[in-house]
Amino acid sequence: MIDSPFIPGARIAVGEKYGEGVTEGFVEKVHKSGNFTLRGSAQQWKPWKSTWSTGPRWSAMETGTGWGRRRLDIWDAETDKEITAKVEAHKARIRWRDLQSKIEKV
């Protein structure tokens with residue numbers, strides 16, 4: 001994939017395995033196959049370009065088999081607003097869950 005934006009140093013948003021949380025990551029190495037790894041991880045990711053109703057968008061999936069593989073998106077100027085909203089919504093859900101837990105203990 002010659003036009004893949006997943007180049008060393010690229011900022012990406014990694015989705016949680018089971019949930020809606022997002023964490024920031026960076027591409028460390030791109031392999032000859034086109035797969036890449038993130039800083040501090042040996043897990044490889046396979047890039048793909050979707051053409052869904054939102055328009056062309058680069059994403060990647062964890063390589064391997066099984067359910068629950070994580071997905072990531074390139075974090076650039078176009079996707080920043082959407083990803084930031086996901087991060088804030090996840091933080092709000094965590095605060096709500098913590099508040100519920102405190103109330104239940106009373």
Side-chain angles (χ1 to χ4, degrees):
M1 295 193 167
I2 295 171
D3 59 343
S4 170
F6 296 105
I7 58 173
R11 182 180 183 201
I12 50 92
V14 182
E16 288 184 359
K17 196 167 210 165
Y18 302 105
E20 298 179 13
V22 175
T23 56
E24 179 182 48
F26 294 91
V27 175
E28 183 173 288
K29 180 179 179 182
V30 178
H31 302 276
K32 290 180 184 178
S33 64
N35 292 353
F36 59 92
T37 55
L38 303 179
R39 279 188 203 153
S41 175
Q43 173 64 51
Q44 289 192 18
W45 297 80
K46 182 178 180 83
W48 58 281
K49 189 174 187 179
S50 70
T51 55
W52 293 11
S53 61
T54 57
R57 176 184 232 162
W58 280 97
S59 296
M61 292 290 289
E62 278 183 315
T63 58
T65 59
W67 297 97
R69 290 186 295 160
R70 291 182 299 166
R71 177 176 174 260
L72 62 77
D73 296 303
I74 193 78
W75 194 333
D76 58 12
E78 294 177 19
T79 59
D80 181 64
K81 188 174 183 180
E82 178 184 336
I83 293 169
T84 302
K86 284 182 183 179
V87 169
E88 293 304 317
H90 183 66
K91 287 179 183 177
R93 278 190 295 279
I94 290 172
R95 286 191 304 269
W96 176 249
R97 187 185 63 216
D98 291 346
L99 182 60
Q100 283 179 318
S101 176
K102 288 179 183 177
I103 291 171
E104 288 173 358
K105 290 178 183 177
V106 171

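When hydrophobic residues (I, L, V, M, F, W, Y) are linked wherever their side-chain heavy atoms come within less than 4.5 Å, the members clustered with Val87 are Val22, Trp75, Ile83. Grouping Ile, Leu, Val, Met, Phe, Trp and Tyr residues whose side-chain heavy atoms lie under 4.5 Å apart, directly or via other members, leaves Ile94 alone, with no other cluster members.
Closest approach of Ser59 to Arg71, counting heavy atoms only: OG-NH2, 3.0 Å. Minimum heavy-atom separation, Glu62 to Arg70: OE1-N, 2.9 Å. Minimum interatomic distance between Ile7 and Val30 (heavy atoms only, all atoms of both residues): CA-CG2, 4.1 Å. Scanning all heavy atoms of the two residues, the minimum distance from Ser4 to Pro47 falls at OG-CB, 4.1 Å. Minimum heavy-atom separation, Gln44 to Thr37: CG-CG2, 3.8 Å. When all heavy atoms of Asp80 and Arg11 are compared, the closest pair comes out as OD1-NH1, 4.3 Å.
Side chains of Asp76 and Thr79: a donor on one and an acceptor on the other come within 3.5 Å.
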Could you walk me through whether Asp3 and Lys49 satisfy the side chain to side chain contact (heavy atoms under 4.5 Å, CB included) test, starting with their C-alpha distance in whole Å, then the side-chain angles of each, then the deciding distance to 0.1 Å, before giving a yes or no? CA-CA 10 Å; Asp3 59 343; Lys49 189 174 187 179; 4.3 Å; yes
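Note: Arg95 CZ to His90 NE2 = 11.0 Å, rounded to the nearest 0.5 Å. To the nearest 0.5 Å, atoms CG (Asn35) and OG1 (Thr63) are separated by 6.0 Å. How far CZ of Arg39 is from CD of Glu24: 9.0 Å, rounded to the nearest 0.5 Å.
A parallel orientation is assigned to the rings of Phe6 and Phe36, their planes being inclined by less than 30° (bins at 30° and 60°).
Dense packing is recorded around CD of Gln100, with more than 12 heavy atoms of other residues, nucleotides or ligands lying under 6.0 Å away.
Linking ILVMFWY residues whenever their side-chain heavy atoms come closer than 4.5 Å, directly or via other members, places Ile103 and Trp96 in the same cluster.
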